[in-house]
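First up is the structure itself, then whatever we jot down about it.
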2 protein chains.
Amino acid sequence: MFKFAFYCKKMITKKHLQILGKAEELFATRGYEGTTVRDIADAAGVNLAMISYYFGSKEKLLEALFKERMSATKQRIETVVKNDTLSPFQKMEIMIDQYIDRVSEKQTFYKVMLCAQVINKNTVVLKLLKELKLVYATLIREVIEEGQQTKVFKNDVDVVMLLTTMTGTVTNMLINKDYYREFNDQRKISNTAFEEQLKSNLKKHLKQIFKVILGYES
Amino acid sequence: MFKFAFYCKKMITKKHLQILGKAEELFATRGYEGTTVRDIADAAGVNLAMISYYFGSKEKLLEALFKERMSATKQRIETVVKNDTLSPFQKMEIMIDQYIDRVSEKQTFYKVMLCAQVINKNTVVLKLLKELKLVYATLIREVIEEGQQTKVFKNDVDVVMLLTTMTGTVTNMLINKDYYREFNDQRKISNTAFEEQLKSNLKKHLKQIFKVILGYES
DNA sequence: AATAATTAATTAAACATTTGTTTGATAAAT
DNA sequence: ATTTATCAAACAAATGTTTAATTAATTATT
């Protein structure tokens with residue numbers, strides 16, 4: 001007899017995504033260990049046993065979250081890098097814009113990701129993180145080498161250092177957002193207006209830095 | 001009768017520091033919630049009950065750790081900023097060097113701190129973090145304004161953005177260190193040599209960035 | 001189309017561990 | 001003689017996971 005469940009064992013339904021979304025929020029505010037499966041079940045409005053039923057275990061739920069959220073990332077970068085109509089310069093700027101928009105859009109997950117990079121335990125999550133970093137660095141190196149050949153970029157560029165400044169600045173801003181707002185006294189403007197302002201500032205800031213490190217003229 | 005314990009209730013003995021050190025290591029690798037008081041007691045080689053006896057509770061131990069590690073930070077920055085023999089330019093460069101050396105020296109704690117900034121719960125820790133950030137930003141702004149008056153620095157400098165790039169790059173490198181080493185194929189050199197190399201690279205990198213953002217000429 | 005058969009979804013309760021903390025007794029230090 | 005430090009044991013509460021029963025949904029058969 002044909003077993004549908006066998007072939008689609010890892011199929012993600014809407015209910016899966018609903019639970020993952022609530023779990024993500026809790027992980028971001030309380031941490032993985034600080035969140036109980038009862039918390040997740042309550043937040044998602046499902047019975048406690050459904051977590052094990054849907055994901056197998058709390059740990060596999062975490063893995064599922066990372067797989068889900070990181071699934072399209074690689075393709076997104078590749079689309080830019082492999083686009084022949086774009087110059088290396090354009091590719092770098094688009095990459096900065098894309099990254100900032102992405103983090104802004106998926107703030108909760110990037111908080112979870114940040115902690116996961118420090119508190120490393122789950123091998124599946126570690127593998128996903130490592131792979132993503134390697135893909136990122138390799139693709140960006142391609143772009144930089146392309147720019148170096150056309151004499152647009154400097155010859156000695158520390159790729160990972162540059163990427164670390166980009167990801168570090170953006171993820172750290174995620175943490176310091178409130179202080180940024182308070183310090184610059186932007187408490188009066190609306191939340192959405194502030195978010196847009198911040199994104200704009202970050203993009204300008206990082207592009208200025210990239211310009212210097214890569215050595216191109218605008 | 002004279003009560004020594006009353007006046008020195010919060011006195012930190014060598015045993016306190018020993019336990020704090022082991023707890024710090026565990027928090028950095030497993031997270032606060034992921035670490036049990038039994039783990040800490042075992043690692044420190046003391047009886048389980050001693051943790052409560054010395055610190056009152058697991059949470060107060062965390063607070064004690066933050067208080068201990070952050071105690072001298074404010075003074076360290078102030079010493080540089082209030083030093084009249086240094087130019088604003090020199091102050092900024094010293095601050096970068098100091099920060100990188102400090103994070104490199106206390107890597108474990110900065111990992112704990114990074115997670116604590118995301119997973120905020122303990123009010124004492126939150127207050128310490130907030131105060132430190134405000135002190136930092138305020139002092140740096142003083143230096144920048146000093147440099148602006150003598151026309152050494154540009155007039156429109158986003159202080160918190162600049163600080164975010166510094167702390168973000170350094171703390172993110174803490175997380176990406178292994179990838180950095182692997183990607184640049186520096187696996188052959190010794191650990192200490194790599195650490196020194198990395199510190200040197202970070203300092204050079206951030207000074208270059210600061211130079212552009214602040215607009216001074218070297 | 002109606003009904004039986006089968007699979008999937010949901011639930012409350014129970015399970016065995018693990019958790020942070022406390023106790024009360026004993027040893028060490030003052 | 002009094003305080004301080006240390007310990008094994010016990011405590012209740014919380015934890016992730018499983019069970020067994022029930023309901024809902026789907027598929028197969030008449």
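In this text the structure is predicted, and so the values were computed from the model without any measurement. In what follows, chains carry the letters A, B, and so on, assigned in the order in which the sequence lines appear, proteins first and then strands, with residues in each chain numbered from 1.
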DNA chain C contacts made by residues 18-33 of chain B, counting heavy atoms under 4.0 Å: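 Within this stretch, nothing sits under 4.0 Å of the strand.
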For DNA chain C, the residues among residues 51-58 of chain A that have a non-hydrogen atom under 4.0 Å from it: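 Nucleic-acid contacts, sorted: Y53(A), Y54(A).
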Sugar-phosphate only, base, or nothing, as touched by T35(B) at under 4.0 Å among non-hydrogen atoms: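 Sugar-phosphate only.
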Among [options], which is the nearest nucleotide to the side chain of [X]?
X: L48(B); options: dA8(D), dG16(D), dT21(C); answer: dT21(C)
X: M50(B); options: dA5(D), dG16(D), dT19(C); answer: dA5(D)
X: K15(B); options: dA13(C), dT6(D), dA12(C); answer: dT6(D)

Report the distance from atom [atom1] of [X] to atom [atom2] of [N], rounded to the nearest whole Å.
X: R38(A); N: dT17(C); atom1: CZ; atom2: C1'; answer: 12 Å
X: D42(A); N: dA12(C); atom1: CG; atom2: P; answer: 11 Å
X: D39(B); N: dT19(C); atom1: CG; atom2: C1'; answer: 11 Å
X: E59(A); N: dT15(D); atom1: CD; atom2: C1'; answer: 15 Å
X: K14(A); N: dA9(C); atom1: NZ; atom2: P; answer: 14 Å

5'-most by nearest nucleotide on DNA chain D - V37(A) or V46(B):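 Mapping each residue to its closest nucleotide by heavy atoms, the 5'-most match is V46(B).
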5′-ward residue of the pair G34(A)/A49(A) relative to DNA chain D: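 Whichever sits nearer the 5' end wins; that is G34(A).
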Is [X] atom [atom1] crowded by more than 12 heavy atoms from other residues, nucleotides or ligands, each under 6.0 Å away?
X: K130(A); atom1: NZ; answer: no
X: K58(B); atom1: NZ; answer: yes
X: K199(B); atom1: NZ; answer: yes
X: K22(A); atom1: NZ; answer: no

Within the 6.0 Å centroid threshold, strictly below: F66(B) and F109(B):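 Centroid distance F66(B)-F109(B): below 6.0 Å, so yes.
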Presence of salt bridge, K121(B) and E59(B), under 4.0 angstrom: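 Looking at K121(B) together with E59(B), the answer is no, because their closest N to O distance does not fall below 4.0 Å.
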Ion pair K177(B)/E195(B), N-O distance below 4.0 Å: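 So K177(B) pairs with E195(B) through a salt bridge.
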Short side-chain N/O contact from N47(B) to OP1 or OP2 of dA8(D), under 4.0 Å: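 For dA8(D), OP1 or OP2 has a side-chain N or O of N47(B) closer than 4.0 Å.
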Parallel, tilted or perpendicular: rings of F194(B) and Y180(B) (30°, 60°):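 The rings of Y180(B) and F194(B) sit tilted, inter-plane angle from 30° to 60°.
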Derivation and outcome, side chain to side chain donor-acceptor pair (under 3.5 Å), residues T164(A) and T169(B): CA-CA 6 Å; T164(A) 302; T169(B) 301; over 6 Å; no
